[in-house]
There are 2 protein chains.
Amino acid sequence: MATAEQLERAEELLAGAGLRATAQRATVLAELAAERDDVTAQQLHERLRARGERLGLATVYRTLRLLAEAGAVDVLSHHAGELCYRWCGDEHHHHLLCSECHRVVELVDCELDPWLERVSREHGFVTTGHRLEVSGVCADCR
Amino acid sequence: MATAEQLERAEELLAGAGLRATAQRATVLAELAAERDDVTAQQLHERLRARGERLGLATVYRTLRLLAEAGAVDVLSHHAGELCYRWCGDEHHHHLLCSECHRVVELVDCELDPWLERVSREHGFVTTGHRLEVSGVCADCR
DNA sequence: TTTAGTGCAAAAGTTTTGCATGGTC
DNA sequence: GACCATGCAAAACTTTTGCACTAAA
């Protein structure tokens, strides 16, 4: 669920990167923002087409890629062979995924850094980031 | 780096699943075991062909899939759009990846479970597993 | 000898790209 | 008006599958 501020921020992101505010981008942005769970580019495109929006699949791909590069959406790759996109907040967070219904919950209170710092140093690494995906079954699916 | 025991275990895994011990599978197994870092099916195939081994790309894919299903190898998906395979031990562990050279270090001392248990319960989830990928830069690449 | 595995090529699927056209700035 | 974005179709890629053939059990 995206707030109005988030949408606004996304448009600022685009503008800041020298990208134009087109109708198609707004459409993709809005649809992505309205989606609680993660979606593939194909799903997004199909939905918009079904609703009567006229935009090409390539545009959806291009827009999602731009948004991902700008940091406005996260790219998840839990289903082999296809990428899922999801609207995300700014802060560092992780995902708790329901393996039955694809529901996504954000975990914002990440407590990993001290541990990671330590073990990485032990291996001579300097960490630049980390990604945690927790899978489980949500209350509705049990 | 795989030990002799690991190789043996993999063959037992295959046998136990009713799978035959063929020359091609042994080749793939050995190559994967000798590889410290992660590889794609295509890379593996290319290397074996370059060395004179005669086996089809489809066989590499099939073998890797079987090994993954049997739990003998891990499947990583950090490069969008393609899957990487890596020989792995039995125990639960995570990966520390060098973003420069693709080097992989296993982190075996995972301390996440208590925290995950707690936050999952708060969201009504029962966790079934988790996966952590830490990216950084290794000592050699700095 | 029965059954599973392989190779090859074709197919399926996702994502990218080239290029003429249309919309933004 | 300059230039970016779009649409469409073709291309590029990864991965899977069908089928005749080979090899393991």
Side-chain angles (χ1 to χ4, degrees), chain A residues 10-32 38-70 72-73 75-86, chain B residues 10-32 38-70 72-73 75-86:
Chain A
E11 278 163 16
E12 279 166 15
L13 268 174
L14 290 180
L19 303 169
R20 294 181 176 172
T22 65
Q24 288 91 336
R25 284 177 183 165
T27 306
V28 171
L29 230 61
E31 180 67 20
L32 198 62
D38 55 341
V39 286
T40 66
Q42 310 258 3
Q43 288 172 336
L44 208 58
H45 178 245
E46 205 172 322
R47 279 185 215 174
L48 293 172
R49 289 299 277 250
R51 177 190 306 172
E53 301 284 350
R54 211 174 313 159
L55 84 175
L57 178 57
T59 300
V60 174
Y61 272 107
R62 283 191 271 235
T63 302
L64 287 173
R65 203 147 80 109
L66 285 172
L67 289 172
E69 283 166 6
V73 304
V75 185
L76 313 176
S77 59
H78 32 142
H79 313 134
E82 64 179 8
L83 299 175
C84 289
Y85 297 86
R86 182 161 187 280
Chain B
E11 279 163 16
E12 278 166 16
L13 267 174
L14 290 180
L19 302 169
R20 293 179 178 173
T22 66
Q24 288 91 335
R25 285 180 182 161
T27 306
V28 170
L29 230 60
E31 180 67 22
L32 197 63
D38 56 343
V39 285
T40 65
Q42 311 259 1
Q43 288 172 335
L44 208 57
H45 178 246
E46 206 173 324
R47 279 186 216 175
L48 293 173
R49 288 299 277 250
R51 177 190 307 172
E53 302 284 351
R54 210 172 316 157
L55 84 177
L57 178 57
T59 299
V60 175
Y61 273 107
R62 284 190 272 235
T63 302
L64 288 173
R65 202 146 80 110
L66 285 173
L67 289 172
E69 282 166 6
V73 304
V75 185
L76 313 177
S77 58
H78 34 137
H79 313 133
E82 65 181 7
L83 298 175
C84 290
Y85 296 86
R86 183 162 187 278

> When we call it a touch if two heavy atoms are under 4.0 Å apart, what does A/R62 touch: a base, just sugar-phosphate, or nothing?
Replying inline: base
> So, the side chain of B/R25 versus the backbone of B/T63: is there a donor-acceptor pair under 3.5 Å, distance only?
Replying inline: no
>> Near DNA chain D, counting only heavy atoms under 4.0 Å, which residues of residues 44-61 of chain B show up?
In response: B/L57, B/A58, B/Y61
> Once you round to the nearest 0.5 Å, how far does CG of A/L64 lie from CG of A/L44?
Replying inline: 6.0 Å
Between the protein and nucleotides 21-24 of chain D, are there any N/O to N/O pairs under 3.5 Å, and if so, what are the atom names and distances?
| unit_1 | atom_1 | unit_2 | atom_2 | d |
| --- | --- | --- | --- | --- |
| D/dA24 | N3 | B/R20 | NH1 | 3.2 |

> Under the side-chain contact (heavy atoms from CB on, under 4.5 Å) test, which residues partner A/A21, sequence neighbours left out?
Replying inline: none
> To the nearest Å, how far apart are A/L29 CG and D/dA5 P?
Replying inline: 14 Å
> From the 5' end of DNA chain C to its 3' end, which nucleotides mark the outer limits of contact with chain A, defined by a 4.0 Å heavy-atom distance cut-off (strictly under)?
Replying inline: C/dT14 to C/dC25
>> Between C1' on D/dT15 and CZ on B/R65, what's the gap in Å once rounded to a whole number?
In response: 9 Å
Sequence neighbours excluded and cut-off under 3.5 Å, please list the side-chain donor-acceptor pairs for residues 46-56 of chain B, or say none.
| unit_1 | atom_1 | unit_2 | atom_2 | d |
| --- | --- | --- | --- | --- |
| B/R47 | NH1 | B/E35 | OE1 | 2.6 |
| B/R49 | NH1 | B/L55 | O | 2.8 |
| B/R51 | NH1 | B/E31 | OE1 | 3.1 |
| B/R51 | NH2 | B/E31 | OE1 | 2.7 |

> What distance do B/L32 atom CG and B/D38 atom CG have between them, rounded to the nearest 0.5 Å?
Replying inline: 10.0 Å
> If you look at every heavy atom in B/T59 and B/Q24, which pair is closest and at what distance?
Replying inline: CG2-CB, 3.9 Å
> If every non-hydrogen atom of A/V75 is compared with every non-hydrogen atom of A/A68, which pair is closest and at what distance?
Replying inline: CG2-CB, 3.7 Å
>> For the helix from C/dT1-D/dA25 to C/dC25-D/dG1, what angle separates the axis at the start from the axis at the finish, each from five pairs, in steps of 10°?
In response: 40°
> With side chains defined as the heavy atoms from C-beta onward, is the minimum distance between A/Y85 and A/T40 less than 4.5 Å?
Replying inline: no
